[in-house]
Structures are given as C-alpha cells and as structure tokens.
Trainee: 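Supplied in structure tokens, the structure appears directly below.
All values below come from the heavy atoms of this structure, side chains included, with hydrogens, waters and symmetry mates left out.
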Amino acid sequence: MKTTLLWRDTALRMLAAATLLGCVLFFVLDGDPVHQVQVFWAFQVPLDAALTLGAWRLRQISPRHFRRFWAMITFAGACFTTGDTIQAITSLVAPGAPSFNGGTAQTVLFVVGMSSNVIACLIFPQGLTTRREKSVFWLDATTVLVGGAVAAWCFAVNPLGGAGTDRVTAGLTSALLVVSAFSATKVALIKAPPMARIAAWPMVAAAGLQGVITFLPGDFQQASQPYVFVARLLPSLLIAMGPWIQRIVQTSGHVYGTGRRRGYSLLPYGMIALTLIIFFAMLPADVSSQLWGAAIGVVVISCLVAGRQLVAFHDNMQLIGRLDIALDEVRGHEAQMRVQASTDGLTGLANRTRFTTLLAGALDSDTDVAVLLIDLDDFKTVNDTMGHAAGDALLVSVAARLREAVRVTDVVARLGGDEFAILLPGAGAVIAGQVADDIQRRFSEPIEIGQHVLATRASTGVACARPGDEPSALLSNADIAMYEAKRRGKSMWVEYTDAMGERISADAVLIREMAQAVERGEFTLLYQPIVRLGDGVLTGVESLIRWNHPTRGLVSPIEFIPLAERTGQIVAIGRFALREACRQAAEWRRAHPAAAPVMVGVNVAGRQLREPGFVAEVEAVLTEFGLPASGLNIEVTETAVFDDEESTEALFDLRGLGVRLSLDDFGTAASSLGLLLTTPVTSLKLDRSFVESITTVGRQAAVANAVSQMAAALELSSVAEGIETAEQREVLQGLGYHYGQGYLFARPLPAAEIAATWLAPQRSAA
C-alpha cells in the first residue's frame, strides 16, 4: 500500500498533530512537573478516544468474522478513555505529587481494557486447518504466554531493585509485555490476521515500548524530564494509529499477504532465553556451587538441544528458501494479474469488477454508502473531431481530476467508455453532494489536450444506499439520476428520488408492452387535413399514430414516442405507420378518383432514416400498394438529420424516388438555416409555437414572415401548423402561406371520416 495514502489521511494527521502539540507543551512546561502531568493525562484522552472510534468504525466495515475482534478492541479503548478521563480530571482538581501512576479507577479500567485485548486475541479464529498446524501454533503461543507470565510473576512478586518498586505497576507493565509478545505471535503465525502488518506493528510496538520504558532506570522513573513525558505519550499514539491505518488498508482495496513462510518460529527460543535470564537474575547471592552447576548444566543442555534443532532445520530452510523464491515469482505474477484484472488499463482507476466488489463490501458493513455515476457530456464529439488519441488523453485528465475531488477512503472507477463511478463509504447525501459540487467545479476548468483547450462537462447521478440495497440496485439508481441530469440539460448533478424510480419503472412497463403492441394491432392512424388557405380545399393529410392500449385506453404519442426512439422500437412502429398510411392513401385514390389527389404525410424518425434499407423499404411499399411516389410526403424534424451524413444521404435517395420531403416543426432547432442548404426538402412546416400568438406578438409574426420568405426564395412550399382561429388564418395567408392545418379546419380524424367529410364532397363537387 502506498504510504501517500497514510500521509493524506485526516485522522492520522490529527493524531500526529495532537501528539506533537503535547510534546511541545512538555518542553514549554519544563521544570513544572505538576502541569506536565496534567498535560500528559489530558492528551491521553483524545488518543484513547481515537483508538475507540477507529476500532468501532473498523467493526462496521470489516468482514463479519472480524467484527467481534474489533468490538472487543472498541470496548478496551472505551475503558482506557474512561479511566484516563477520570485521571485527567483528578490531576486537575487534586494534583498531588507528580506521577505516571493512575488512581484506583484508572488502574481498574486499564486492567479491564487490557484483559479485553488479551481475550480478543485468544478467541480470534486462527485460520488453521490441519491438526499439525493447530498443535504447532498453540505450542508456540503457549511458550510465549508462559515466558511472559514468568516475567510478570517475577517482576510483580519479587521485582529487581527491591522494595522501592511499585509491585502493582510492575505487574501491569509485565502484563503489557505479555500482550505485546502474544500479539506478535498472532501476527507472525496465523494465516489471516484481523489487521495488516502495517497496521498491527504500531500497536505491538506500543505495548513493547511501554514495557521497556517502565523498567528503564534513572530519570525514566521520575515525572520530571520532558523527554520522559514524550516517551510515555508515544505508546498511546502508536496504539491509536493501528485501527486508522487498517481502515485505510480496507477501504483502499489493498491486498496484503502474510509474508514469507518460515520453517520454524524463533519466538519460543526467545521465550526460553528470557526465562533463563530471569532464572539467573532471581537466584540469591548465597547459592551453593552444586546449584550453580546444575543451573549451568540446564542452560548448556537447553542451548545444545535448541542448536541441534536449528541445525536440523538448516537444510529444510535452504529448500524452503528456494521454494519461497519460486512462490514469490508466482505470487508476483498473480498479483500483477490481479492488478490487471481489477484496474482500468488507460486511467489506472479501478474497473467495473473491482468497483462492484468494493461496493458489495461497503454495503455489507452496515454504514452509510453513496455512489456517484459520472458520464461526460458530448464525449463522442471529441473522438469524432479530434481522434481517439485525444479522447483517451481527455479520459486520463478526467480521471486525475476525479482523484483530486475525493477523500482518501473513496474509490474512483472507470466503468467503461466515458462513464466513471465513485464509491463514498461512510458518506450520506450531504457529503455526496459536496463531492458532486467539487467535481462540477473542477470540470469547469479547461483541459489542455495537445494544441486544443477543451471545456469538459459531465452529468452526475447521486444515489445513497438504503438498508438491503444490492450493488446492482444502487448503481441502477445512480444511473437513473444521471440520465435525469442529462434530461434536465446536462452539466449538473441530480440525486436519485423514488419519483424517478417510479417513472423509470412505469417506462419499463410501457416499453415491454409496446414491444407487443404492433403484433397485437393496438396502433392505429388518425389523419389531420392540410388545406389551401385560400379556398379550404383538401390537399393532403398528416398521419398521426395513436396507441389504443387494452387497459390504459388511448396513450398519447408524447408518452411513448420518446421511449420508442430511445429503445429502437420506433423502427417497427414507423414501419407500421408507413405501410398503413400508404395503403390508406392508395385506397382513397381508388375509391374517390374524381377528388383531388390527396398526398399523405408520414412522420419519420432519425433512427428510421439511418436504418439500412429504409429507402428500399419505402420503394417496396409504394410498389405494393400502387401509390405514386408523389403521393407520399415524408416529414422529418430538424434534429433528426442535423449533422448526420447517413440521414442526409437517405433523404437524397428518397427524393430521387419522387417522394416529397418536409422539415417538420421548422424554426425550433438551431440547425434550421443550414439544413435548407444541405437537405433536398420540398416544403417547410412552421411550428405551431410561432402560430398560437401570431396575432398579438410581433416577434412571432416576424419569424413566420421570415420563414415564408425563405420558402418562397428557395421555391419551397410552406405549411403553417396549429391554426385555430380565422384571424390566424388571415394573418398567415397575408404573410404568404398557401397551406395550413389545425383545429380551425379539423382535428385528427379516422380514415373513414376523412373519406366521408373531405373526399366525398370533393367528388360530388367535381
């Protein structure tokens, strides 16, 4: 794990800063041991509290089989915090003689806390499977515990130096050594420890350092020198750092191993040596020569037996060393493969697989979790205009900015293409919103790509986890919110709400039902007349599709057409509309030959124009029903053909067949004037938004007049939509419009009513 993650962690920085402040105060207060002791106990409290909070948070995010361990460490930290708080208050209220020894309450709580730590280590599963592994582990662990117990007993009952030593303090300090040794045994021997070694060793070192300092002679036993206070405070910092380092290890997804395998453990031999040293130290001065001889013999024989075992292990160690080298190479390849399998090759971010795994772990931790889903706006334009190399460079720059916008514990991933995701463990809606705001701010700054300066924008969806959420559900919610941001205009972030989910669910049902609607014959066409404004004679009709849903009744095109275009179902629906309109137009011509030829208009989406074989399909339909190409008018919107070579080519081919073409809703898109020069349209249809207030709003009349003049100059016919009053008709006619449609003339009608109301009277008049 990179040490930069540790330096960037706010909690570790605060711990270091607090300890440094305490150390500075020790030197500032040099010569005033009473206040130094007060500062010492006061700074113990936040360090103990940090241990408690760090262990509690680890309990929440750790796998289930580690949670009991961290719960007991949390309890121990709470005991330390309470005891040291009581002692800090006591030192302020009733200072007494300066001393590092706590009162009765502090001592009792300290013993209870240390007991909790020992029990946590004892009951933690060892991860050993075979009987031999379990036997070896417990023999070594028992050796360590017995050696530590011997040291504790000897120092507590008959401490070195005589009666001047506080036996309770000495015994407790020896207990610290036992805990330290046993913790080291756990870290060294078990396969799956609850902590990575980078996090465990500070806690082990804390206990060892405390034990050593307690037995150092001279000034270290007096509460007077500043450096003694510093040395006494450092163990509290080290033990508090452990859980916070482990939290960084877990949330960063770092995989840590158990180190190189050994043929044997040196810990039991160390305990034997410690016991022998204590044995000689405890011998009285008047020991007989016989006892000295027996003691030396025991030592020599123990050393020879240990040496014999070590020599016997030597050959095995060489073999194991060669095997370890080979295994290290294999592990290196495996680690590299794991990195490649879990990392995006372009940006170095986590990929979808790793992100999903970390998200599942975060959701399993019973803490707040938020997810941000980020999609770059108009990224395709960069690839199309500047090339894929520029697009890749942009993605790398975006990844760097996302890293800078998140906390050290957050995870940034590239899910694919220009889609990124951020996992925010321990974050609710407020923090997620702050991160989303920071991302938008960073993206607003231009990015230099080669010789180009790009203004990158992104749409972001934010989703906060709820109890029982699965990774797929949370990502889906973020995705829904992200598309809502795009729908609202892009370059913003939107938080997921139930209303969005309900709308998406309703859309999903509608999409599923729409897939079967064509086969079931649920779609039908209505026809709205297009007339000459001068005499009201019918010149054509616009076919308008309707969905007769079996349970919902008549579904408005506003509801299902956008969904059909997004899902591609518009192709099948459009194919039905084309065939039915052409069939009906041919039937009208045969049934009413004396009536003026009626041209039928069919709305065609951009997706249909880009569909391979669309022009051939139109030609086949015209041939099948015997409808002249001039009797068909295909209506397309400006946005459907804007900057689209495939659509423009299809329009030229359709015009080559003799089909007439109209730009529908003209004037509502920014591409209007350019399209007049690049597409072979034969008529313009003025959008109804310019007609509804044409008699009262001068600007609308000006736009309508400009469109009419352009159409006349380009020799195009012009049709005004949405005419509802005679006054609107007169104004439009005065502006040069020859054709119009709207409720003034007729609402959309079934085919039979068109024939009876519009075609039959024309035949009679003829």
Trainee: Is it true that Ser459 and Asp377 share a donor-acceptor pair across their side chains at a distance under 3.5 Å?
Mentor: yes
Trainee: Please say whether more than 12 non-hydrogen atoms of neighbouring residues, nucleotides or ligands are located less than 6.0 Å from CG in Leu554.
Mentor: yes
Trainee: With the side chain counted from C-beta on, respond yes when Leu533 and Ile723 share a heavy-atom pair under 4.5 Å apart, and no when they do not.
Mentor: yes
Trainee: Within a radius of less than 6.0 Å around CD of Glu448, do more than 12 heavy atoms belonging to other residues, nucleotides or ligands occur?
Mentor: no
Trainee: What I'd like to find out is whether the side chain of Leu510 reaches to under 4.5 Å of the side chain of Leu563, using heavy atoms alone.
Mentor: yes
Trainee: Output yes when a side-chain donor or acceptor of Tyr496 lies under 3.5 Å from a complementary backbone atom of Asp479, and no otherwise.
Mentor: no
Trainee: Just wondering, are more than 12 heavy atoms of other shown residues or ligands nearer than 6.0 Å to NE2 in His738?
Mentor: no
Trainee: Any carboxylate oxygen within less than 4.0 angstrom of a Lys/Arg side-chain nitrogen, looking at Glu721 and Lys685?
Mentor: yes
Trainee: Would you check, one step at a time, whether the test side chain to side chain contact (heavy atoms under 4.5 Å, CB included) holds for Ile422 with Ile439?
Mentor: CA-CA 11 Å; Ile422 298 177; Ile439 289 173; 3.5 Å; yes
Trainee: Which value, rounded to the nearest 0.5 Å, describes the distance between Leu373 atom CG and Thr460 atom OG1?
Mentor: 8.5 Å
Trainee: Is there a side-chain contact between Tyr739 and Val531 (heavy atoms, below 4.5 Å)?
Mentor: no
Trainee: Under 3.5 Å, is there a donor-acceptor pair between the side chain of Glu624 and the main chain of Ala620?
Mentor: no
Trainee: Determine, for Arg583 against Glu580, whether the closest basic-nitrogen to carboxylate-oxygen distance falls under 4.0 angstrom.
Mentor: yes
Trainee: To the nearest 0.5 Å, tell me how far Glu692 CD sits from Ile694 CD1.
Mentor: 10.5 Å
Trainee: Any chance you could measure Leu654, atom CG, to Leu609, atom CG, to the nearest 0.5 Å?
Mentor: 7.0 Å
Trainee: Would you kindly say whether Asn603 and Glu542 are connected by a side-chain donor-acceptor distance under 3.5 Å?
Mentor: yes
Trainee: Give a yes or no on whether the backbone of Ile511 and the side-chain of Gln569 come within a donor-acceptor separation of less than 3.5 Å.
Mentor: yes
Trainee: Apply salt bridge (Lys or Arg N to Asp or Glu O under 4.0 Å) to the pair Arg520 and Glu513, showing each step before the final yes or no.
Mentor: CA-CA 10 Å; Arg520 294 175 178 175; Glu513 295 174 340; over 6 Å; no
Trainee: Between the side chains of Asp437 and Arg441, is the shortest nitrogen-to-carboxylate-oxygen separation below 4.0 Å, so that they form an ion pair?
Mentor: no
Trainee: When you measure from the centre of the six-membered ring of Tyr743, is the NZ or CZ of Arg747 closer than 6.0 Å and no more than 45° off the axis?
Mentor: yes
Trainee: Decide, yes or no, whether a salt bridge links Glu404 with Arg401 under the criterion of side-chain N to carboxylate O below 4.0 Å.
Mentor: no
Trainee: I need the Ile480 CD1 to Tyr483 OH distance, nearest 0.5 Å.
Mentor: 11.0 Å
Trainee: Is the backbone N or O of Val659 less than 3.5 Å from a side-chain atom of Arg655, with the two atoms forming a donor-acceptor pair by type?
Mentor: yes
Trainee: Minimum heavy-atom separation for Leu735 to Ala704, with atom names?
Mentor: CD1-CB, 3.9 Å
Trainee: Any luck finding a side-chain donor-acceptor pair between Thr347 and Asp344 under 3.5 Å?
Mentor: yes
Trainee: Hey, mind stepping through Ser683 and Ser662 against side-chain hydrogen bond (donor to acceptor under 3.5 Å, both in side chains) and telling me if it holds?
Mentor: CA-CA 5 Å; Ser683 65; Ser662 293; 2.3 Å; yes
Trainee: For Ala458, does its backbone N or O pair with a side-chain atom of Gln440 as donor and acceptor, under 3.5 Å?
Mentor: yes
Trainee: Which heavy-atom pair separates Val462 from Ala432 by the least distance, and what is that distance?
Mentor: CG1-CB, 3.7 Å
Trainee: Between atom CG of Leu394 and atom CG of Leu376, what is the distance when rounded to the nearest 0.5 Å?
Mentor: 6.0 Å
Trainee: Quick one: does any side-chain atom of Arg660 pair with a main-chain N or O of Gly631 as donor and acceptor, under 3.5 Å?
Mentor: no
Trainee: Any donor and acceptor pair, going by atom type alone, linking the side chain of Thr539 with main-chain N or O of Arg532 inside 3.5 Å?
Mentor: no
Trainee: Taking NZ, NE, NH1 and NH2 as the nitrogens, is one of them in Asp469 or Arg466 under 4.0 Å from a carboxylate oxygen of the other?
Mentor: no
Trainee: Taking all non-hydrogen atoms of both residues, which atom of Gly722 and which atom of Arg688 are closest, and how far apart?
Mentor: CA-NH1, 3.4 Å
Trainee: Are side-chain heavy atoms of Glu587 and Gln584 found at a separation under 4.5 Å?
Mentor: yes
Trainee: If you look at every heavy atom in Leu346 and Leu395, which pair is closest and at what distance?
Mentor: CD2-CD1, 3.8 Å
Trainee: Going through the distances and angles, do Gln516 and Glu522 end up as a side chain to side chain contact (heavy atoms under 4.5 Å, CB included)?
Mentor: CA-CA 9 Å; Gln516 303 172 343; Glu522 296 174 5; over 6 Å; no
Trainee: Looking only at non-hydrogen atoms, find the nearest pair between Met500 and Arg488 and report the distance.
Mentor: CE-NH2, 3.8 Å
Trainee: With a 4.5 Å cut-off on side-chain heavy atoms, are Leu632 and Leu657 touching?
Mentor: no
Trainee: Would you say the side-chain atoms of Ser718 and Ser708 include a donor-acceptor pair closer than 3.5 Å?
Mentor: no
Trainee: Classify the side-chain pair Gln528/Gln741 by whether it contains a donor and acceptor separated by less than 3.5 Å.
Mentor: yes
Trainee: With a 4.5 Å heavy-atom cut-off, do Val621 and Cys582 have their side chains touching?
Mentor: yes
Trainee: Closer than 4.0 angstrom, basic N to acidic O: yes or no for Asp378 and Lys490?
Mentor: yes
Trainee: Between the main-chain N or O of Ser472 and the side-chain N or O of Ser476, is there a donor-acceptor pair closer than 3.5 Å?
Mentor: no
Trainee: So, for Pro529 and Leu538, which heavy atoms are closest and what is the spacing to 0.1 Å?
Mentor: CB-CD1, 3.5 Å
Trainee: If you measure from CZ on Arg414 to CG on Leu402, what distance do you get to the nearest 0.5 Å?
Mentor: 12.0 Å
Trainee: What do you reckon, are the aromatic ring centroids of Phe523 and Phe560 less than 6.0 Å apart?
Mentor: yes
Trainee: Is the backbone N or O of Ala702 less than 3.5 Å from a side-chain atom of Arg699, with the two atoms forming a donor-acceptor pair by type?
Mentor: no
Trainee: Asp664 and Thr637: side-chain donor and acceptor closer than 3.5 Å?
Mentor: no
Trainee: With heavy-atom distances below 4.5 Å as the criterion, would you say the side chains of Val371 and Leu424 are in contact?
Mentor: no
Trainee: Which is it for Val382 and Thr456 under the side chain to side chain contact (heavy atoms under 4.5 Å, CB included) test, yes or no, and what are the steps along the way?
Mentor: CA-CA 10 Å; Val382 176; Thr456 306; over 6 Å; no
Trainee: Backbone N or O of Gly416 within a donor-acceptor pair of the Glu419 side chain at under 3.5 Å?
Mentor: no
Trainee: Compute the ring centroids of Trp758 and Phe745, then answer whether they are less than 6.0 Å apart.
Mentor: no
Trainee: Any non-hydrogen side-chain atom of Val600 less than 4.5 Å from a side-chain atom of Asn633?
Mentor: no
Trainee: I'd like to know if the side chain of Ser689 pairs up with that of Asp687 as donor and acceptor (distance under 3.5 Å, no hydrogens or angles considered).
Mentor: yes
Trainee: Set out, in order, the CA-CA distance, both residues' side-chain angles and the distance that settles side chain to side chain contact (heavy atoms under 4.5 Å, CB included) for Phe614 and Asp653, then state yes or no.
Mentor: CA-CA 10 Å; Phe614 176 72; Asp653 292 341; over 6 Å; no
